[in-house]
4 protein chains.
Amino acid sequence: MTHNSLKNKKPEKYHNIQEAAVRVFARRGFYQARVSEIAREAGVADGTIYLYFENKDDILISLFEDGMKKVIDNVRAEIDKETDPLKKIQRFARAHLALVENNKDMAEIIQVELRQSSKFMKEYRNEKFLEYLDIIAGIVREGQALGLIREDVEPGIVKRAFFGALDEMSRFWVLSTRRKYNIQTAADQISEFFIRGIRAGSGVPAGGRN
Amino acid sequence: MTHNSLKNKKPEKYHNIQEAAVRVFARRGFYQARVSEIAREAGVADGTIYLYFENKDDILISLFEDGMKKVIDNVRAEIDKETDPLKKIQRFARAHLALVENNKDMAEIIQVELRQSSKFMKEYRNEKFLEYLDIIAGIVREGQALGLIREDVEPGIVKRAFFGALDEMSRFWVLSTRRKYNIQTAADQISEFFIRGIRAGSGVPAGGRN
Amino acid sequence: MTHNSLKNKKPEKYHNIQEAAVRVFARRGFYQARVSEIAREAGVADGTIYLYFENKDDILISLFEDGMKKVIDNVRAEIDKETDPLKKIQRFARAHLALVENNKDMAEIIQVELRQSSKFMKEYRNEKFLEYLDIIAGIVREGQALGLIREDVEPGIVKRAFFGALDEMSRFWVLSTRRKYNIQTAADQISEFFIRGIRAGSGVPAGGRN
Amino acid sequence: MTHNSLKNKKPEKYHNIQEAAVRVFARRGFYQARVSEIAREAGVADGTIYLYFENKDDILISLFEDGMKKVIDNVRAEIDKETDPLKKIQRFARAHLALVENNKDMAEIIQVELRQSSKFMKEYRNEKFLEYLDIIAGIVREGQALGLIREDVEPGIVKRAFFGALDEMSRFWVLSTRRKYNIQTAADQISEFFIRGIRAGSGVPAGGRN
DNA sequence: TATGAATGAGAATTCATTCAT
DNA sequence: CATGAATGAATTCTCATTCAT
């Protein structure tokens, strides 16, 4: 199911609804969110929602797709400023967490709501998310080609581990009220763990020989 | 455990219902799961559910609490077999992912359902989860005390980053049908990234001089 | 449907249950009352109730029948102390309201719950209640036979009007928390209205000649 | 009226539902009445009920309030046609019972359902009912001021006794299938009892010298 | 007799979606 | 395009009653 293509409707209203939905989903959660509440918050009638979106699911999916598109573009632009793959990893972490910081509600929805249930993670092929992860895998392969990252490092594992580390950190940051760490500090620490963890030529293997 | 102290009720039925709920929640997701489906699957009447649980939410919470208790006990027992904090990290990763491997449905519920924003992660003080994360922080502090882990490493960041990495990996593993990596391989790679990433005395800092 | 005839059961428990039911019905109302609450209050198991009563309705009906029997016996004994029919009317009022005063919960149930709904007032032929009303009609006829009460007074109307007057007064008395009138004062006023209202030889008719 | 201010909704539907509810409540009793049955009888969907009323209770309360308003207006208009307080009493009785005669279902609901203890008579401050009773008290005071009614008569007792008498009579009339007395005959008898009972200067006191 | 765990029919209410205006 | 009243399917939870112990 793909979202409504704005045929000849005012794109302004489409975005109003999306923005209202972001707030309502973040506040209540997807299943507790009421379409009528989104409508009220967007300043339109309930029925109007259905001129722009197929149904409630479609609103969430549109949010995710449009949101991920921005994230991907933004993060790609950031890492392209760097040539060193190891430094790209740091850039990625910073860009990711900066986006979370500046789009708390949106971040919460992507993290929490979209991965929430079978409904979305199973039935909906999450192309955009995979594309995002593959940016990381790409950096790793690039580093390996340049001999900067160990050959035995699996890009498919790094991409998930690194994303998971950032994502858990941002969940914490998003959900907690009083924040202990600056989110950029966290970005730097996490990227440093991974850079040290995967770069080539740092002597003995980690786990010993058990 | 839940409100109902199982006075003279058979604890067997309590567990039957939990096990049925695990299957149904894993299959449909919490919000799509029907209490009557859990009842049917548990081989009891709908009303019987309410002799053992306050309501549908309570079933999920009991699943989480009882499940996390087992995870914590199990993981604690595993890492206690090791004295070297760095090796404990590897043990943790292996134990965590082995549990996921052996309790797929349960793992999916803990990961996916309990993350459901408002209702559970906001209103529900997730003590058990925090206790689990603090096992990791404890290992890190231990390693720092022994001079094995760098002093500038924040245990509060490592615990979330490490858990997030494992968790994302297991989400992938749980949700994907055909599996590329052995989950134990993933455990070893991820723990190696972190061990190399945080251990003391491995030369130049990670990020270079930016 | 008639209530369970105590075959070979302990009558003590039967009364315990009735007394508990009186309290619970008075507190919650019949439909809001829970059988399990009556059981708890009576100090028996839920199932035990059904050894003494057919069902929940049967408890209410038994309360009414047993209660009315006492009321009728008591009121009959009172009016038999008097020979003058007009004075019997006053005795009736006093006895009725004294019973209400001393059995508030029971009075509330008879007034409020039993006449409450179709269920009881339509399906259940209320013999006891009619018997009670007919005590009044009997006094009126006696008074008419003695020439003390006007011949044009309809006993069937007086019995209902008089009972209704007392009953409304006692409803007020039962439901109000702070009481303005002594209930015996009310008994005397009301009986006086009716005695003056129906006795023979008091000159011009009431309503004028419209 | 109820919470829902009928903004753009058709008030016609509000009344359809009320009328359907009157029939269903009269037929089944409040607790046995099904919302879906009211909906069917009103020719609307179940959910539509909830656009006009908060819940099932609210329907009953609206019925009572709207019904009592009509009764009060109607009875006030009737007694205002008379100047003699004693004749007003007769007018009141006639108007009251005429309303019962012409609105059997509604009368039954007001009498039987609203008397339902806890929920309505205790928690719900029954202003309208008290207002109605005070019409009677007002007439009595007026009669006392003119010397037509004895000074020792308590208006607060008369109002309840007189209402109770009429109400019990109409309960009988509403619930019985074959009717012995014309309801207007009853109105005249009852008002005559009370007029004779309370008017000034009719010789010896009622109760004799007990 | 007494128990109380188990039953399962039953009902109020919600809310995504539609469609006449 | 926009509205929002109307729809009605769908679901949790309750509680009188039963019956194995």
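Computation of the quantities below employed the complete heavy-atom set of this structure, encompassing side-chain atoms and omitting hydrogens, waters and symmetry-equivalent molecules. Sequence lines set the chain letters: A, B, ... in the order given, protein chains first and strands last, and positions in each chain run from 1.
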Problem set entry | Heavy-atom pair of closest approach, residues C:I17 and C:I38 | O-CG2, 3.9 Å

Exercise. Honestly, is C:K56 close enough over C:F30, meaning NZ or CZ under 6.0 Å from the six-membered ring centre and within 45° of the axis?
Worked result: yes

Exercise. Given atom CD of B:Q32 and atom P of F:dT12, what is their separation to the nearest angstrom?
Worked result: 10 Å

Seminar exercise, completed: Of the candidates E:dA12, F:dA5, F:dA16, the side chain of D:Y50 sits closest to E:dA12

Seminar exercise, completed: From CG of C:D46 across to P of E:dT7 the rounded distance in Å is 16 Å

Exercise. F:dC13 pairs with which nucleotide, Watson-Crick or G-U wobble, both distances below 3.5 Å?
Worked result: E:dG10

Seminar exercise, completed: When rounded to whole Å, the CZ to P distance for the pair A:F53 and F:dA2 reads 13 Å

For this session: Select one nucleotide: of E:dA5, E:dT3, E:dA2, the one nearest the side-chain heavy atoms of C:A45.
Result: E:dT3

Exercise. Are side-chain heavy atoms of B:E108 and B:K104 found at a separation under 4.5 Å?
Worked result: no

Exercise. Does E:dT21 pair with anything, Watson-Crick or G-U wobble, both distances under 3.5 Å, and if so, with which nucleotide?
Worked result: F:dA2

Exercise. Between C:V35 and D:G43, which has a closest nucleotide on DNA chain F that is more 5'?
Worked result: D:G43

For this session: With the side chain counted from C-beta on, respond yes when D:I59 and D:Q18 share a heavy-atom pair under 4.5 Å apart, and no when they do not.
Result: no

Exercise. Please give, in whole Å, the distance from E:dA6 P to B:N16 CG?
Worked result: 11 Å

Problem set entry | Below 4.0 Å: OP1/OP2 of E:dC15 and any side-chain N or O of A:S36 | no

For this session: Send over the distance from B:I38 CD1 to F:dT12 C1', rounded to a whole Å.
Result: 11 Å

Exercise. Would B:Q32 and A:Y31 count as having a side-chain donor-acceptor pair, cut-off 3.5 Å?
Worked result: yes

Exercise. Under 4.0 Å: is that the gap between some side-chain N or O of B:Y52 and OP1 or OP2 of E:dA6?
Worked result: yes

Seminar exercise, completed: note: C:R34, atom CZ; F:dT17, atom P; distance rounded to Å ~ 12 Å

Exercise. DNA chain E: C:V44 or A:T48, which has the more 5' nearest nucleotide?
Worked result: C:V44

Problem set entry | Whole-Å distance separating the CZ atom of D:R40 from the C1' atom of F:dG8 | 14 Å

Problem set entry | Which nucleotide in E:dA5, F:dC1, F:dA6 has an atom nearest any side-chain atom of A:L51 | F:dC1

Exercise. Atom NZ of D:K56 to atom C1' of E:dA11: distance rounded to whole Å?
Worked result: 8 Å

Exercise. When all nucleic acid strands are considered with a 4.0 Å heavy-atom cut-off, which category describes A:A33: base, sugar-phosphate, or nothing?
Worked result: sugar-phosphate

Exercise. Want to settle it: does B:G47 or D:G47 sit nearer the 5' end of DNA chain F, counting the closest nucleotide to each?
Worked result: D:G47

